[in-house]
There are 2 protein chains.
Amino acid sequence: MPDKESSKVLVVDDDPQIARALRINLSARGYEVVTAHDGTAALKAVAETRPDVVVLDLGLPDLDGVEVIEGLRGWTQVPIIVLSARDDSTDKVQALDAGADDYVTKPFGMDELLARLRAAVRRSGLSVADADAQVETASFTIDLAAKKVRRDGAEVHLTKTEWRLMELLVRNRGRLVTQKQLLHEVWGPTYDTESHYLRVYVAQLRRKLEPEPSRPRHLLTEPGMGYRFEP
Amino acid sequence: MPDKESSKVLVVDDDPQIARALRINLSARGYEVVTAHDGTAALKAVAETRPDVVVLDLGLPDLDGVEVIEGLRGWTQVPIIVLSARDDSTDKVQALDAGADDYVTKPFGMDELLARLRAAVRRSGLSVADADAQVETASFTIDLAAKKVRRDGAEVHLTKTEWRLMELLVRNRGRLVTQKQLLHEVWGPTYDTESHYLRVYVAQLRRKLEPEPSRPRHLLTEPGMGYRFEP
DNA sequence: TTGCCGCGTCAAGGAGCCGTCAGGCGCGGT
DNA sequence: ACCGCGCCTGACGGCTCCTTGACGCGGCAA
């Protein structure tokens with residue numbers, strides 16, 4: 001397991017008592033913690049802060065828990081661990097089938113939650129295989145773990161948006177990534193058709209990384225569909 | 001979601017009562033079930049039968065549960081769901097940190113177990129998901145996930161419309177696809193009779209992919225009905 | 001045989017998409 | 001308050017790809 005810089009956790013709970021307890025415990029374990037107190041804020045927070053895992057309490061004031069899960073699963077595979085006071089079997093089935101990864105019944109042991117959190121993060125981590133977090137092309141090198149790009153030995157600085165876009169393309173290297181998918185994962189689920197953003201940022205990446213930006217060899221356009229990164 | 005043939009489950013339990021109950025329930029849900037009664041047999045069974053998910057009861061006669069998990073995690077990422085009569089927090093933490101995906105305490109509801117099973121399979125499914133979306137013919141190969149077509153090793157570029165049409169035919173390989181269906185799925189539900197579009201694009205696909213475009217071997221015409229893709 | 005219909009082929013036009021540049025705006029740091 | 005960086009937005013030119021029409025061929029029925 002590579003040294004993982006602290007994972008970011010989104011805690012969704014309307015009970016400030018529990019939210020506070022979780023924040024303290026998780027922070028103490030080295031997690032970066034973001035909180036939301038209702039479903040709407042949760043959906044927004046995921047789009048904006050991109051947590052590595054979501055801890056979701058059921059019984060929120062505004063939305064049903066299943067609705068929140070469905071809202072997230074429409075565009076992201078971030079692991080979701082559900083907390084609930086109800087030990088009812090049908091609740092569990094509904095939440096899990098909606099796309100939750102795990103379901104923990106209150107009262108729960110903090111040890112157990114932490115273990116389940118580790119399991120969820122571990123799983124999602126290895127599915128994208130940080131095995132080769134280092135990707136090389138003829139003209140530049142990308143280190144996914146360190147979030148660094150080097151070209152001719154010198155380091156190239158990428159902005160936050162540039163990096164998100166680049167990372168998504170690199171993690172799907174060789175595969176075509178659709179415009180919609182890129183927009184959703186980089187700008188958020190409400191962006192469907194703003195393909196102009198993509199053109200601008202792909203152009204910037206090409207200018208920074210391609211030997212001949214006007215004749216790209218690695219960041220390829222598939223007209224009408226999306227983009228593709230070829231190592 | 002592509003047609004999923006039944007998943008294979010390995011049930012590891014030394015209590016024949018429970019093993020039998022699980023076998024019956026899982027079989028009834030369309031799972032293919034394999035059983036093992038101790039840890040040694042479990043390790044062997046995973047290597048031999050390659051299940052899609054493992055349901056592992058703790059408290060086996062020969063090996064400690066954590067040892068079984070570690071033995072598996074040394075070489076495979078198959079999802080592991082642990083069953084246990086012990087609700088002890090440290091047991092859960094140990095199992096999860098050893099690499100288990102989930103931990104269910106007995107007595108458990110069969111509904112819940114099935115839901116957790118579905119969640120585990122779904123997760124592992126989407127990471128390698130379309131990995132095997134590779135279709136081969138005598139003269140070219142199609143990668144549905146990457147949206148790539150190769151012919152004699154060289155990559156052939158398909159446009160958006162060409163690809164939509166090709167994908168639809170490939171996903172229905174061996175079957176006849178009617179003109180109306182093709183028009184609806186590629187051009188939209190308002191297109192019913194514009195079969196001219198089909199003729200133009202099928203011709204383009206044949207020119208790009210068939211060894212003898214005038215004598216097609218894979219993209220076949222069914223006069224008056226539609227088209228068929230034969231691998 | 002002759003006419004008709006469906007299919008395959010080719011090429012031209014035009015719509016829509018893409019790349020590029022420049023300017024404005026917000027935000028954080030000095 | 002000022003400055004600079006990064007993000008968003010608009011305009012415009014170029015190019016790809018979709019559409020569309022014309023034509024030849026072959027099968028089938030009258």
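Lettering of chains follows the sequences in order, A, B, ..., and the numbering in each one begins at 1. We use all heavy atoms of the structure for the numbers below, so side chains are in, but hydrogens, waters and symmetry mates are not.
In this pair, A/Phe229 and A/Phe140 present their aromatic rings tilted. The plane angle is within the 30 to 60° band.
Side-chain atoms of B/Ser124 come within 3.5 Å of backbone atoms of B/Val121 as a donor-acceptor pair (strictly under, hydrogens ignored). Side-chain atoms of A/Arg50 come within 3.5 Å of backbone N or O of A/Glu185 as a donor-acceptor pair. Looking at B/Arg123, its side chain does come within 3.5 Å of a backbone N or O of A/Asp101 through a donor-acceptor pair. Judged by distance alone, the side chain of A/Arg228 and the main-chain N or O of A/Glu222 form no donor-acceptor pair under 3.5 Å.
Applying the 4.0 Å criterion to OP1 and OP2 of C/dC17, one finds that A/Thr221 has every side-chain N and O outside that range. For the OP1/OP2 pair of D/dT16 and a distance below 4.0 Å, the side-chain nitrogens and oxygens of B/Thr159 include no atom meeting the criterion. Here B/Arg207 does not reach the OP1 or OP2 of C/dT9: none of its side-chain N or O atoms lies under 4.0 Å away. Look at A/Thr161 and you'll find a side-chain N or O under 4.0 angstrom from OP1 or OP2 of D/dC7.
Computed from coordinates, the A/Leu220 CG to C/dC18 P distance equals 14 Å when rounded to whole Å. One can place CD of A/Glu162 at 8 Å from P of D/dG6, the figure rounded to the nearest angstrom. If you take CE of A/Met225 and C1' of C/dG16, they are 15 Å apart, rounded to a whole angstrom. Atom pair A/His157:NE2 and D/dC7:C1' shows a separation of 13 Å (rounding to whole Å applied). Whole-Å rounding puts the B/Lys160 NZ to C/dG16 C1' distance at 10 Å. Regarding B/Met166, its CE atom lies at a distance of 18 Å from the P atom of D/dC17, rounded to whole Å. Across the protein-nucleic acid pair, A/Arg215 atom CZ and C/dG19 atom P stand 14 Å apart, rounded to whole Å. Summarising the geometry, the separation between CZ on A/Arg206 and C1' on C/dC21 is reported as 15 Å, rounded to the nearest angstrom.
Checking A/Trp163, A/Tyr227, A/Trp187 one by one against A/Tyr201, the ring-ring contact (aromatic ring centres under 6.0 Å, His included) holds for a single residue, A/Trp187. Evaluated for a side chain to side chain donor-acceptor pair (under 3.5 Å) with A/His184, the options A/Thr76, A/Asp192, A/Thr190 yield exactly one hit, A/Asp192.
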Distances under 3.5 Å between nitrogen or oxygen atoms of protein and nucleotides 24-30 of chain D:
none

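DNA chain D lies under 4.0 Å from at least one heavy atom of each of the following residues of residues 175-203 of chain A: A/Trp187, A/His196, A/Tyr197, A/Val200, A/Tyr201.
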Test log, rule salt bridge (Lys or Arg N to Asp or Glu O under 4.0 Å), inputs B/Lys92 and A/Asp111: CA-CA 9 Å; B/Lys92 295 186 188 177; A/Asp111 287 349; over 6 Å; no
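A/Leu96 and B/Ala115 make their closest contact through CD1-CB, 3.8 Å (heavy atoms, listed as atom of the first residue, atom of the second, distance).
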